Each structure stands twice: as structure tokens, then as C-alpha cells.
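Please see the structure below; I have some questions.
All values derive from a computational prediction rather than experimental measurement. Scope of the values below: all heavy atoms of this structure, side chains included, with no hydrogens, waters or symmetry mates. Naming: A, B, ... by sequence-line order, numbering from 1 per chain.
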Amino acid sequence: MDSKYASYGKAKDKRNNFDTKAKRVKLSIDNKNNNPQKENKHVNGLDTEISHYKENPDDIKEMRKLLPVYAVRHRILEEIRKHDTMIIVGETGSGKTTQIPQILHEHRLEDTAAIAVTQPRRVAAITLALRVATEMSADIGSFVGYCVRFEDVTSPKTKVIYLTDGMLLREAIMDPLLMKYSIIVLDEAHERTVNTDVLFGIVKLAQKERKLRGSKLKVIVMSATMDVDTFRNYFDNCAVIYLEGRTYPVTIYHTKLKQEDYQYAVVCAIFQLHASTPADHDFLVFLTGQEEIETVMANIKQIAKESPGPQIRVCPLYAGLPANKQLVVWKPIPPGMRKIVLATNIAEASVTIPKIKCVIDTGVVKERSWCRVTGAERLHVVPCSQAACWQRAGRAGRTAPGAAYRLYTAADFAARPQHNTPEILRCPLAATLLMLIATGMDPGTFPLIDAPSPDSVQASLILLKELGAIENENNPKLKALGKKMTAFPIDPKYSRVIISAPEYGCLDEALSLVAVMSSENIFHTPLHKREEALKVKQKFVSPLGDHVTLLNVFKAFCKAPLKKQWCKENYLNHRNLSYASDIRAQLFAICQRLNMEVTSCGTDLDQLLKCLLSGLFTNCAWARGIVTSGTGRYVTASGSGASIHPASVLHLKRPPPPALLYTELLQTKRAYLVTVSAIQPHWLHQVAPDYARRCRANR
DNA sequence: TCGTCCGCG
């Protein structure tokens, strides 16, 4: 155990040292209840336990009447009748997402068309629809339904449709005026996901155009944040309704001193609170990632052995954790024991853990950003916004009054930005721009609350031009190839791979590979079982590189009869492989619709790599002739240095391949090429001659 | 020799 805390748990005298150390966290009451309203305000999110409710219809009616929104339903209705666009700010538990669509439906405000209620997440769309169907005593898929990727549970009679905003965006490609709906409710607007931001513009333009045609579209934006000025300005100073929430007060504590090392501070805070808090108070701790969670978990277990107080059960929670291990968080524990949940920001909005009384917030988050010049994505730990801090604190007040211990000072808090940087300013834009162009929008004039820099837009338009999707970056007109690309709900580079595949006779393999690459990491490597996980991976490894290795794993997964068991034995993530399998089926169906011939290249895997290169030709790296500084042994097309990621099967391979095709350029401590294959340098000239010429000219 | 936040179609 190389933990820097490990020694504290070993001897009692060192425990004293731990307690009296100057560095220990001092928790003080800096702003106890000074602003109880504010404490609740960014709390939102969906109770995943919603779907487990089983009540009789009378109870449900009574429960609806108790919701804050019920009392003001007539006023809401009146306002919505009056205004074409409005913003509803509702705190957690106000019932806005489940009740307002019902109120609209009961008063037949949707007319002959339907009501769309969008959500950033699939599970939310599904569970909300199930809840509302129960409340309205309807079968799901009748007049209440939902629509998410792989699952359309609606019928022509469906009047209230819960759907992901990604799904509504895809509908906009077919019908930019969204004529199917007379009311569109955009929920969780404060999260500012790329899809929600783009939908704002789509509905705004659709509303304007439909007004001219005498077909009204009502737009209702729902948000948990109180800072609605940005939204209000964007929607031409529309009306705003505020709804009260249903949460309990959360007392906020800040540290008196700045904590230099939050990983150290968090362990100190846990044990200080552990010694002073009743055993039935569960803790929720916000950390940044898998490795950090595993390290802190090991430290807690070590110290707990020597520590007085109730028994501790530590539960890790992050998205990459296999589902069965995630579920442990929701399992009840024996009385007299304390549950400590160590979570990433998955617990901030995506999932709700009941009975949390105490939140410990490190105040940091791991954020991904994109560099338009090198195409590199960066993962780094940054302080989170004030809004995120309130959101985290609110997790302690879901079922009873609680407390939030912030491992940063009140001054530090005050100096933070109010909101996180919207995703649209941080991510590659090619997919979004292609979607917009396919919807008939002009990327130059499309209204966005926060517009990305013209340089970022330009960089992504150039990529779309190079992929053959649009004519020109200055006058982006969709080409036939681009039109075909939008049929596939995947990254434009990958849809280009699929469309090229028949040419290389490898559509069968390309579909599998693109499906796996569109899913999350399929390898699960726990910190303490790394060696064993690496050993079992060997049977899938191909000398050609990571891509063929991924393909080998996917093929074996498809053949395995007991998939869950098989994944466990092979240290693979069953959820992500199943997801890849679903994506493959979806892509396959689209190929059939487009009359594409599904052929296999058999053992001629060079064909597959060339095909991959036809979409990822901008992702080539060449071995450096002369080893210069420590920036890496390869150089990319943009001229930046990088090394093969150590998790790659080509890492440390001798001799190093002269040229590589990489999936991702990731900047962590250094720049790494992630998921790579060896290619012949002359392939680039065969596969993408125009690009190869320009690329050589620039180098 | 690395340690992959969260999501969507």
C-alpha cells in the first residue's frame, strides 16, 4: 500500500499525531443558516427511486395535492395561456416536471398536437414518464409515453412525451419546425448541456417561423437556478414563475484555513465527523475520479481499524463502476453502522442517494476541455462553480435537515465563478455543426446563449469539409455524403468510416469496431487487481494495435453464452459492451435501410485499418526522427508531440511503428495517444490524398 | 510506464 495516509492507521501514537497535526481541518460555522433560501436553490435532479413507488390511485391523488405546484396550478395555467414563452424556476420537490405537463394535458392546452418534455438523461425521461403514467392511470405508451435511444414507447395517440433532448434534436433534422408538438418543455435548462443549448435555438426559431404560419408553439423552459437573467435575456424578456421547493435546510460549514491538500483534508474531515456524529448519519463525499476514490477508500479502511466509533461501510460510486457494484450504494446497511459514499459528480445531479445527512465537499471537479489547434482533449481537476457547490450541499437535505462541510474557505467560495463553463464552449463542435447544417440552420447566425469562438467553429467546419460532409467551411452546404452521415447517430468521423466500409469490404468489422469506440471504456481495471486484469487481456491482444484488440474482445463477447459471468472473469465492463452491442444493431439497421452491402474482410485486417483511416485521417502521428525533449516520441499532424498511452497494446513495442492512427489525443500529465494502431505511412496518401498533400505541405 | 469527470443519439 503506497498510500500516504497508511501509516496513520498502524499505531495508536500516530493516531494522536493525526489528531493534533497543524494541518488538520478546522470546521467552523461561518454562515450557518444565513441564507436558507439560497441553500436549497440549486438542488434538482430526479429521484431514481421514483419508479419504485407503488401506491393506490387515491394516495397518488392526495400526494399530488400536497405538491407546492398544485396550490398555484391555476395561476400557472393562466400565465401559460397568456405567454408563448416562459421560464419556470422550481426548486427540488416542487413537482414541476411531473405536474405541469399533466395540468396542460388536463386542460387540453396541447390542442391536437402533443407536449414534449425534454430531459438531458435517458433514465430521467423513462422514470418520469412511468411516474406520470401511473399518476394519470394510463398505460405507458398510450397518451403518456417516452422516447429515448433504442426505445420508443409512444404511439400516434401519445400526447405527453418525455424524451431526451438528443432525441428531440434528431427529430428536428426531419422537421425543423417540430410540427408534432404544440408545447415544448425544456427541463433542467440550468445544466447547459450542448444538446439543451442547441434546442433553445431550434425552438426559438421554430416558434418564430410557426407564428408567421399561424401555428403557435409554446415554449416552457424549466430550471433550478435562481439566476434566470441569462435565460430571460435570451428569450426576449419572457415571463418567469418561481415555485417553492420541498427540501430541508442544510447547514453549511467552511474551513477556516485554506486546505493545501484536499485528499488529505477529506480523510481528516471524515474521521473528525465520524467521531462526533450519530452512526445513522450517512456521509456523501465528493471526489474527482476513480483512482482518487479507490485511494481514499483504502485510507478510510486502514484508519477505521484503529478508530473508535461505529463500524464503517465505504461505497464507491462513479459511472465507470460495473452496475452491480454501483447498486451497493442503495442497499440498506445493518443498524449501528455508518455508510460513507465516495462519489464523483455522478451524485451531483444524475443519481440521488436517500438518507444522506452529511455532505463533505472537496470543491473540485475533473473537467474535460478541447484544444481546437491540436485536437487534444484535456482532463484536469478544477474548482467547481458556486452553483455546483450548492447542488452538492443540497444532497444532504433530501429527506431531513442536514449539513454540508466544505473543505475550502468562505472567501474561496465567494471567489468562484457562479456557474460552470457551458459544455458548448469546451467540446469539439463537428457533430453539433453537422446536425445544425442538416437541420437547415446557418452556423453563422444560429442563436446560442453562449457562442463558441469563431476559431473553434471554423476548426470544426474545416474537419467537416475534409470528411466530405460539406462543400466549404465558408459556405457550409450539406453534400450528399454529409446527408448520409447524419443518418448515423455517431461522431461524424465514425459515420465516415461506416460509409467507406463497403469500399474496403469490411462493413461487418467496421460496424463492430465503431460500436465499441462509440461506447465507453470496456476494460475494467481495479487498482489492486491490475496485474491479473492485464494477464487475461493478453488473449485478445493483436500485434496490429488496440483497434483490432477491441474488435477481438467484442467478437468474443458476442459469442459468450453467459455474458455477465464472462465479463467478470475477463475484467470487462458488461454494461459498456452491451451498450456497444445495442449501438451495433442500430447502425446495422441504418446500413440496411441505405442498402449498404455487409461484407467481411476476414483475416485481411489491413483493410479494416485503411477503412478506419478514411474517417480518422486527421488522427495520424509519426515517429520522431530525432528524440528531442521529453515531450514524446511521436508528432501529430498539428505538430504537437505525444507518446503512446501506457495502457495501449503498442506501448513499449520494439521497434516502434513508424506511423500510428490514434483515436484520441489526451492531455493529462503529458500528451498521450489513446487507442492506437500501427499503419503504413503511405496508406494516408492512398486513403486521403488531398489531406495528405496539405498535411505534408504544413509539416 | 497511466491512472478515463459526466452525458446524449
Side-chain angles (χ1 to χ4, degrees), chain A residues 2 45 118-125 147-152 163-173 188 191-199 286-295 317-321 343-351 362 364-369 377-382 384 388 391 420 423 426-427 431-432 434-435 438 486-492 494-495 515 518-527 530 534 573 576 579 582-583 586-587 590 632-633 643-648 650-653 663-664 666-675:
Chain A
D2 58 349
T118 71
Q119 294 293 317
R121 282 169 292 276
R122 290 167 50 91
V123 266
C147 184
V148 298
R149 191 179 192 178
F150 311 130
E151 242 187 307
D152 181 354
L163 75 178
T164 49
D165 31 29
M167 215 62 207
L168 191 60
L169 272 181
R170 286 209 79 81
E171 285 186 21
I173 299 179
E188 310 284 18
E191 289 195 25
R192 301 295 308 276
T193 66
V194 176
N195 286 346
T196 321
D197 271 15
V198 173
L199 270 183
F286 282 97
L287 294 163
T288 65
Q290 173 181 349
E291 197 207 7
E292 194 172 276
I293 286 172
E294 285 178 356
T295 309
L317 183 66
Y318 48 91
L321 196 69
T344 59
N345 55 352
I346 190 174
E348 208 176 282
S350 303
V351 298
T362 55
V364 280
V365 66
K366 196 172 275 183
E367 202 178 71
R368 189 181 274 255
S369 56
E377 298 214 57
R378 199 160 69 117
L379 266 175
H380 58 160
V381 174
V382 292
C384 59
Q391 176 86 9
N420 288 346
E423 204 188 352
R426 292 188 279 115
C427 71
T432 302
L434 182 60
M435 212 275 334
T486 59
F488 297 90
I490 49 177
D491 187 282
Y494 295 160
S495 47
S518 302
S519 178
E520 297 294 314
N521 190 2
I522 58 170
F523 297 108
H524 177 65
T525 5
L527 210 57
R530 206 180 110 254
L534 272 174
N573 187 309
N576 293 344
Y579 189 63
D582 288 341
I583 296 173
Q586 188 186 31
L587 300 179
I590 296 166
R633 283 194 292 280
S643 312
I644 297 178
H645 193 277
S648 167
L650 295 183
H651 179 65
L652 297 180
K653 188 180 161 77
T663 308
E664 194 182 8
L666 186 68
Q667 174 89 39
T668 48
K669 277 179 185 152
R670 297 169 65 191
Y672 290 106
L673 304 168
V674 184
T675 313

Inset, instruction - Quick one: label A:Arg530 by what it contacts on the DNA or RNA (base, sugar-phosphate, nothing), any heavy atom closer than 4.0 Å. - result: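 If one applies the 4.0 Å heavy-atom cut-off, A:Arg530 turns out to touch a base.
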Legend entry - Side-chain heavy-atom pair A:Leu321, A:Gln290 within 4.5 angstrom cut-off: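 They are not in side-chain contact.
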Legend entry - Contact nearer the 5' end of DNA chain B, comparing A:Pro489 with A:Leu652: A:Leu652
Inset, instruction - Select base, sugar-phosphate, or nothing to describe what A:Ile346 touches, counting heavy atoms under 4.0 Å on all strands. - result: sugar-phosphate
Legend entry - Phosphate OP1/OP2 of B:dG7 contacted by A:Ser350 side-chain N/O (<4.0 Å): yes
Inset, instruction - Pick base, sugar-phosphate or nothing for A:Ile490, based on heavy-atom distances below 4.0 Å to the nucleic acid. - result: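 Answer is base: heavy atoms of A:Ile490 come under 4.0 Å of a base.
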Legend entry - Nearest listed nucleotide, side chain of A:Thr164, among B:dC8, B:dC5, B:dT1: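 Looking only at side-chain atoms, A:Thr164 lies closest to B:dC8.
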Inset, instruction - Describe the nucleic acid contact of A:Phe150 in one word from base, sugar-phosphate, nothing, applying a heavy-atom distance below 4.0 Å. - result: nothing
Legend entry - Euclidean distance, atom CG of residue A:Leu379 to atom P of B:dC2 [Å, nearest integer]: 15 Å
Inset, instruction - Starting at atom CD of A:Glu191, determine the distance to atom P of B:dC8, rounded to an integer number of angstrom. - result: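 Nearest whole value for this atom pair: 11 Å.
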Legend entry - Side chain of A:His651 - closest among B:dC2, B:dT1, B:dG9: B:dT1
Inset, instruction - Would you mind reading off the distance between A:Asn195 atom CG and B:dG9 atom P, rounded to a whole angstrom? - result: 8 Å
Legend entry - A:Arg170 CZ to B:dG7 P, straight-line distance once rounded to whole Å: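 Whole-Å distance recorded here is 21 Å.
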Legend entry - Upstream residue (5' side of DNA chain B) when A:Gly289 and A:Tyr672 are each assigned their closest nucleotide: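 Upstream on the strand: A:Tyr672.
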Legend entry - Distance in angstrom units between A:Asn521 CG and B:dT4 C1', rounded: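 Distance, rounded to whole Å: 7 Å.
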Inset, instruction - Starting at atom CG of A:Leu434, determine the distance to atom P of B:dG9, rounded to an integer number of angstrom. - result: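 After rounding, the gap between these two atoms is 17 Å.
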Inset, instruction - Would you classify A:Val148 as touching base, sugar-phosphate or nothing, given that sugar-phosphate means primed atoms plus P, OP1 and OP2, and contacts are heavy atoms under 4.0 Å? - result: sugar-phosphate
Inset, instruction - Starting from the C-alpha separation in whole Å, work towards a yes-or-no answer on salt bridge (Lys or Arg N to Asp or Glu O under 4.0 Å) for A:Arg121 and A:Glu191. - result: CA-CA 11 Å; A:Arg121 282 169 292 276; A:Glu191 289 195 25; 2.8 Å; yes
Legend entry - ring pair (Phe, Tyr, Trp, His ring centres under 6.0 Å) partners for A:Tyr672, two or more places apart: A:His645
Legend entry - Test side-chain contact (heavy atoms from CB on, under 4.5 Å) applied to A:Thr288 and A:Asn345, A:Val381, A:Ile293, A:Val382, the passing residue: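 Result for side-chain contact (heavy atoms from CB on, under 4.5 Å) with A:Thr288: A:Val381.
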Inset, instruction - Would you check if A:Glu171 and A:Leu163 make a side-chain contact, meaning some heavy-atom pair closer than 4.5 Å? - result: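 Heavy-atom side-chain distance check passes, below 4.5 Å.
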Inset, instruction - Using a heavy-atom cut-off of under 4.0 Å over every strand shown, decide if A:Thr288 touches base, sugar-phosphate, or nothing. - result: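 Sugar-phosphate contact only - A:Thr288 comes under 4.0 Å of backbone atoms but never of a base.
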Legend entry - Separation of B:dC8 C1' from A:Glu188 CD (nearest whole Å):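 Rounded to the whole Å, the gap is 14 Å.
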Legend entry - Among B:dC2, B:dG9, B:dT4, the one nearest A:Met167 by side-chain distance: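 Ranking B:dC2, B:dG9, B:dT4 by closest atom to the A:Met167 side chain puts B:dG9 first.
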Inset, instruction - Starting at atom CD of A:Gln667, determine the distance to atom C1' of B:dC2, rounded to an integer number of angstrom. - result: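 Going from CD in A:Gln667 over to C1' in B:dC2 covers 14 Å.
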Inset, instruction - State which residues pass salt bridge (charged side-chain N to carboxylate O under 4.0 Å, His left out) with A:Glu377; sequence neighbours excluded, sorted by chain then number. - result: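 Counting only residues at least two positions away or on another chain, A:Glu377 forms a salt bridge (charged side-chain N to carboxylate O under 4.0 Å, His left out) with A:Arg368.
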Legend entry - Out of B:dG7, B:dG9, B:dC5, whichever nucleotide has its closest atom nearest the side chain of A:Arg149: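 Looking only at heavy atoms from C-beta outward on A:Arg149, the closest nucleotide is B:dG9.
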Inset, instruction - Could you please name the option among B:dT4, B:dG7, B:dC5 that lies closest to any side-chain atom of A:His645? - result: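 In terms of side-chain proximity for A:His645, the closest of B:dT4, B:dG7, B:dC5 is B:dT4.
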Inset, instruction - Determine: side-chain N/O of A:Lys366 to OP1/OP2 of B:dT4, distance under 4.0 Å, yes or no. - result: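 For A:Lys366, the contact criterion (side-chain N or O under 4.0 Å from OP1 or OP2 of B:dT4) is met.
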Inset, instruction - Look at all strands and tell whether A:Glu292 reaches a base, only sugar-phosphate, or nothing, counting heavy atoms closer than 4.0 Å. - result: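 Nothing, no nucleic acid heavy atom in range.
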